[in-house]
Number of protein chains: 2
Amino acid sequence: MENKEVGQEQLTEKQQRIVDAAIEIFAAKGYSGASTSEIAKKAGVAEGTIFRRYKTKKELLMSIVGPMISKVIAPIIVKDFDKVITADYKDFESFLRAIFSNRLKLVEKNQILIKIAIQEIPFHPELKEKLFEVVGKEVFKSICQRIEDFQLKGEIVKIHPKLVVQLIFSSLFGYVASNFILFPERSVHQDNELEHTIQFILKGLRQY
Amino acid sequence: MENKEVGQEQLTEKQQRIVDAAIEIFAAKGYSGASTSEIAKKAGVAEGTIFRRYKTKKELLMSIVGPMISKVIAPIIVKDFDKVITADYKDFESFLRAIFSNRLKLVEKNQILIKIAIQEIPFHPELKEKLFEVVGKEVFKSICQRIEDFQLKGEIVKIHPKLVVQLIFSSLFGYVASNFILFPERSVHQDNELEHTIQFILKGLRQY
DNA sequence: ATAGTAAGTGAGTAATCACTCATTTTTAGC
DNA sequence: GCTAAAAATGAGTGATTACTCACTTACTAT
């Protein structure tokens, strides 16, 4: 788990170790429970080294989580949803599979960062705003429009698109939480489980 | 929002104010971010008063969240699931509605406590263990058995009962998160939303 | 080799923290 | 009203914290 570049500039090896250590300790103890002393020890550097690049402890956190939201989550979602939105899917199932595919690999790849973001959002309003701004503006509207297209085609039930999104992402999050956050050591049934989750959503939303 | 009794004994008015203040600040800032000084100020008492009853800050948190898990969540789940399990439901839909009913009112009533529990579980392994112990031992097995019963009757798909539970609670959690945690000020579509969520689950799990 | 800059160090600082405890205040029972 | 116990107080304590800054080391360009 390495972040080669957090922020705009290339990090020195020691600064990189600071970031890696911070990620680990923020994830394990939360921002408030993490001390710069402990982060420095873990990185094998002097505590003052942290403050050569980051003015405050919070700036260190933001340098990690901010890009997580704006550069990892958003591009994952936005860029690929451009494809999803513009692509021509024969049906809702293809659309749903497009949402699921890649997402899970990237979640797995960034799970610790996502864990930190989720843990910290309740305590840092600016993170919550950023997430909702990115997701709300770019993604939510686009998804809802696409949902409405499928509804017009009569493929899925005509309920409020926002609720459709909520239902889809609840199941997705349940799958992610179960496999990557709560029980990361359990990798059994993974393929079946994903397929069953997709079928559950498809059937649950199908128009009869 | 008042907790008249946390732990075994009746609290003095001041101690009660401490608990109320702690709940508020733990929810807003997390355990590590909350200081006993701030809690005391908010409660309008001297800081030492906190330590008359609670040996440590952590004991204060546990006195709040521990019973939350063992006395609120578990009884909600266990006691009522005894009824659910022993009751004779004509079909899976009745069973599902029994799960949903009452749960939501009690979630609404205890939402801030649930928020604290969710926020703190990643940082306090004993809370996670307690939750899984209670839920795992008493509830999970019982629910899975009941699920299997419905599967034998051919009412729902024959997938692993654990996955069924995951799917149900993902959707339930999505509903709860949307209405009580993320957007508590938004009470629109509430009745429809719940019904659609239930229908989504029913259809998603139905055996065809 | 020299000078300037960048990176790093770690002792120290002021503030904050969880908690203690001698003292004061309040309560309850007679 | 008196006494003992319970509740509360708040100054103080040692530890911890985020951060500073004078100094050292390393690197780069001339």
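Chain identifiers are assigned alphabetically (A, B, ...) following the order of the sequence lines, protein sequences preceding nucleic acid strands; residue numbering begins at 1 within each chain.
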Sugar-phosphate only, base, or nothing, as touched by E47(A) at under 4.0 Å among non-hydrogen atoms: base
Nearest-Å distance for atom pair [atom1]/[atom2], residues [X] and [N]:
X      : N       : atom1 : atom2 : value
K58(A) : dC19(D) : NZ    : P     : 11 Å
K57(A) : dT20(D) : NZ    : C1'   : 17 Å
F51(B) : dA7(D)  : CZ    : P     : 17 Å
K41(A) : dA18(D) : NZ    : C1'   : 14 Å
E13(A) : dC27(D) : CD    : P     : 12 Å
R52(B) : dA5(D)  : CZ    : P     : 14 Å

Parallel, tilted or perpendicular: rings of F150(B) and F92(B) (30°, 60°): perpendicular
Chain A footprint on DNA chain C, 5' to 3' - any atom under 4.0 Å from a heavy atom: dA7(C) to dG10(C)
Inter-residue atom distance L61(A).CG - Y54(A).OH, 0.5 Å rounding: 11.0 Å
dA18(D) OP1/OP2 closer than 4.0 Å to side-chain N/O of T56(A): no
Short side-chain N/O contact to dT17(D) OP1/OP2 from S37(A), under 4.0 Å: no
side-chain contact (heavy atoms from CB on, under 4.5 Å) partners for I121(A), two or more places apart: L127(A), K128(A), L131(A)
Any residue meeting side-chain contact (heavy atoms from CB on, under 4.5 Å) with S171(B), in chain and number order, not counting sequence neighbours: S171(A), F200(A), T197(B), F200(B), I201(B)
Working for ring-ring contact (aromatic ring centres under 6.0 Å, His included), residues F123(A) and Y31(A): CA-CA 9 Å; F123(A) 309 121; Y31(A) 170 77; 9.7 Å; no
Distance-only side-chain donor-acceptor flag, Q166(B) / K162(B), under 3.5 Å: no
